[in-house]
Visitor: 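Provided herewith is a single structure, encoded as structure tokens, for subsequent inquiry.
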Amino acid sequence: MIYLKTEDEIELMRAANLLVAQTLAEVGKAVKPGVTTAQLNHLADEFIRDHGAVPTFKGFPNPYGGPFPGSICTSVNEVVVHGVPSEKTILRDGDIISVDCGTLLNGFNGDSCYTFMVGEVSEEVQHLLRTTKEALYKGIEAAVAGLRIGDISYAVQTHCEAQGYGVVREFVGHGIGREMHEDPQVPNYGRRGQGKQIKNGLCIAIEPMITMGTYEVYMDPDKWTIRTRDGKPAAHFEHTIAIHHGKADILSSFEDIERMEATRA
């Protein structure tokens with residue numbers, strides 16, 4: 001069942017999502033060669049709790065195994081999603097890391113992801129990141145009342161496949177609100193005019209997961225970590241949006257991250 005949100009509920013969701021944005025920016029400041037993903041996880045966990053929220057991912061149930069052990073997902077290079085923070089995973093110059101973060105604040109969830117560059121990253125990989133981020137905004141542009149979920153999916157898919165990239169099938173965006181994952185599912189591939197109709201009050205997380213090679217993936221023995229089958233890099237960008245007055249209102253934000261990246265350039 002799809003739960004449409006009221007104006008007041010959308011504002012509560014905005015607060016949760018802006019906290020996610022602040023958390024990602026704090027994590028982004030610490031992303032550099034030599035840092036472990038466990039260190040990034042500790043930083044995020046403390047920041048979220050210090051701001052009166054709960055990290056939603058911590059303990060999140062898994063139908064295939066145990067609950068998620070981290071407070072953020074840290075997916076490095078060929079890891080597409082659900083990378084588990086670890087002292088053993090040390091960031092190196094030229095890596096990329098997708099940091100997916102969720103918060104529960106005042107009864108509502110925030111969810112966003114950003115793929116960071118570690119040191120000097122090849123132009124080829126930078127192009128993958130730019131294209132994936134562009135695809136996110138193409139999908140958001142298609143999130144208009146009266147259109148359908150398939151219009152979002154089509155916008156993401158066509159933009160990425162035109163560049164020769166793979167669009168992951170097994171993992172999709174989703175509705176969001178009092179629960180982290182609500183209806184409807186929001187695939188990154190599909191046909192225009194198909195799927196649930198987009199209506200005012202709909203809150204969804206749009207999250208392109210795009211690969212440099214094949215879209216085929218596999219799961220590690222930890223039952224969480226998802227990798228590209230060909231070992232090539234993957235990028236992941238995500239915003240939570242609300243359909244407000246007929247069009248998309250982005251509740252999360254990359255502004256602090258982008259300012260930080262501009263100072264590093």
Side-chain angles (χ1 to χ4, degrees), residues 17 20-21 23-25 27-28 31 37 40-41 44 56-57 60 68 70-85 89 91 95-103 110-118 121 124-140 152-153 155-157 159-161 163 165-174 176 180-181 185-189 204-220 224-241 250 252-254 257-258 261:
N17 278 283
V20 172
T23 306
L24 288 175
V27 170
V31 168
T37 55
L40 300 179
N41 180 72
T56 324
F57 295 177
F60 199 84
F68 191 74
S71 296
I72 54 174
C73 297
T74 51
S75 304
V76 179
N77 296 333
E78 79 280 3
V79 178
V80 183
V81 286
H82 305 160
V84 178
T89 306
L91 298 182
D95 285 347
I96 56 173
I97 176 170
S98 299
V99 180
D100 197 353
C101 178
T103 65
D111 190 11
S112 182
C113 182
Y114 197 91
T115 303
F116 296 94
M117 296 184 289
V118 185
V121 173
E124 183 183 29
V125 174
Q126 288 186 49
H127 189 270
L128 170 67
L129 268 58
R130 283 195 300 271
T131 302
T132 305
K133 194 175 181 184
E134 288 166 0
L136 169 60
Y137 288 102
K138 295 282 186 184
I140 291 170
I152 298 171
S153 308
V156 171
Q157 181 181 12
H159 185 72
C160 294
E161 290 185 345
Q163 301 293 323
Y165 296 138
V167 179
V168 172
R169 265 58 172 173
E170 287 86 348
F171 298 90
V172 299
H174 51 89
I176 182 170
M180 173 61 73
H181 293 146
Q185 291 192 342
V186 186
N188 294 305
Y189 63 97
I204 53 175
I206 301 174
E207 48 179 324
M209 290 158 270
I210 308 301
T211 66
M212 191 170 281
T214 179
Y215 61 73
E216 295 177 342
V217 299
Y218 71 94
M219 181 185 289
D220 274 5
W224 279 108
T225 306
I226 304 296
R227 300 179 190 270
T228 58
R229 191 160 290 282
D230 59 10
K232 292 184 178 179
H236 180 196
F237 289 87
E238 175 183 18
H239 271 316
T240 293
I241 68 167
I250 302 174
S252 43
S253 173
F254 293 156
I257 297 170
E258 290 167 344
E261 288 185 333

Visitor: Spell out, as yes or no, whether a donor-acceptor pair under 3.5 Å connects the side chain of Asn17 to the backbone of Ser253.
Guide: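 Side chain of Asn17 to backbone of Ser253, a donor-acceptor pair under 3.5 Å: no, none is there.
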Visitor: Search all heavy atoms of Ala135 against all heavy atoms of Cys160 and return the closest pair with its distance.
Guide: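 For Ala135 and Cys160, the tightest heavy-atom pair comes out as CB-SG, 3.5 Å.
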Visitor: Judged by atom type as modelled, is there a donor-acceptor pair below 3.5 Å linking the side chain of Asn77 to the main-chain atoms of Ile96?
Guide: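 Answer holds: yes.
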Visitor: Take the angle between the ring planes of Tyr165 and His127 and call it parallel below 30°, perpendicular above 60°, tilted in between.
Guide: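 Tilted.
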Visitor: Any idea which heavy atoms bring Thr211 and Val168 closest together, and the distance?
Guide: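 Heavy atoms of Thr211 and Val168 come nearest at CG2-CG2, 3.7 Å.
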Visitor: Does a side-chain heavy-atom distance below 4.5 Å link Val186 with Ile152?
Guide: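 Answer yes - side chains close enough.
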Visitor: Is there a side-chain contact between Asp111 and His174, using heavy atoms and a 4.5 Å cut-off?
Guide: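 In short, these two side chains touch, coming nearer than 4.5 Å.
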Visitor: Can you name the closest pair of heavy atoms from Val125 and Pro233 and give their distance?
Guide: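 It is CG2-CG, 4.2 Å.
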Visitor: Count the heavy atoms of every other residue, nucleotide or ligand shown that sit under 6.0 Å from NZ of Lys138, and state whether that count exceeds 12.
Guide: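 Counting other residues, nucleotides and ligands, NZ of Lys138 stays at 12 neighbours or fewer.
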Visitor: Taking CD in Gln163 as the centre, count heavy atoms belonging to other residues, nucleotides or ligands within less than 6.0 Å. Is the count above 12?
Guide: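 Result for CD/Gln163: enclosed.
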Visitor: Could you report the tightest heavy-atom contact between Gly102 and Met180, atom names first, then the distance?
Guide: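 Here Gly102 and Met180 meet closest at CA-CE, 3.9 Å.
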Visitor: Below 4.5 Å, heavy atoms only, C-beta onward: do Phe57 and Asn41 meet side chain to side chain?
Guide: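 When only atoms from C-beta onward are counted, Asn41 and Phe57 do not touch, as no gap falls below 4.5 Å.
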Visitor: Any heavy-atom pair between the side chains of Asp100 and Val81 that's under 4.5 Å?
Guide: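 SC-SC contact between Val81 and Asp100 ruled out.
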Visitor: Between Val167 and Tyr215, which heavy-atom pair has the shortest distance, and what is it?
Guide: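 Scanning both residues, the minimum pair turns out to be O-CB, 3.2 Å.
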Visitor: Any non-hydrogen side-chain atom of Ile226 less than 4.5 Å from a side-chain atom of Met219?
Guide: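 Yes, at least one pair of side-chain atoms sits under 4.5 Å.
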Visitor: Out of Glu258, Glu261, Glu238, His236, which residue meets the side-chain hydrogen bond (donor to acceptor under 3.5 Å, both in side chains) rule with Tyr114?
Guide: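 Of the listed residues Glu258, Glu261, Glu238, His236, the side-chain hydrogen bond (donor to acceptor under 3.5 Å, both in side chains) partner of Tyr114 is Glu261.
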Visitor: Any donor-acceptor pair under 3.5 Å linking the side chain of Thr115 with the backbone of Ala235?
Guide: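 Here the side-chain-to-backbone pair does not exist.
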Visitor: A side-chain contact here means heavy atoms from C-beta on lying under 4.5 Å apart; do Phe68 and Thr56 qualify?
Guide: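 No, side chains not in contact.
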Visitor: Does the side chain of Phe254 reach to within under 4.5 Å of the side chain of Phe237, using non-hydrogen atoms?
Guide: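 Result yes, sub-4.5 Å side-chain heavy-atom pair found.
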Visitor: Measure across Thr228 and Ala234 and return the closest heavy-atom pair with its distance rounded to 0.1 Å.
Guide: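 Residues Thr228 and Ala234, closest heavy atoms: CG2-CB, 4.1 Å.
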Visitor: Would you check if the side chain of Thr240 reaches a backbone N or O of Ser252 as a donor-acceptor pair within less than 3.5 Å?
Guide: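 The answer is no, because no donor-acceptor pair under 3.5 Å joins these two groups.
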Visitor: Quick one: which of Leu40, Thr37, Ile97, Val79 gives a side-chain contact (heavy atoms from CB on, under 4.5 Å) with Thr89?
Guide: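 By the side-chain contact (heavy atoms from CB on, under 4.5 Å) criterion, Thr89 pairs with just one of Leu40, Thr37, Ile97, Val79: Thr37.
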Visitor: Is His159 close to Thr131 at the side-chain level, that is, under 4.5 Å between some pair of heavy atoms?
Guide: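 Answer yes - side chains close enough.
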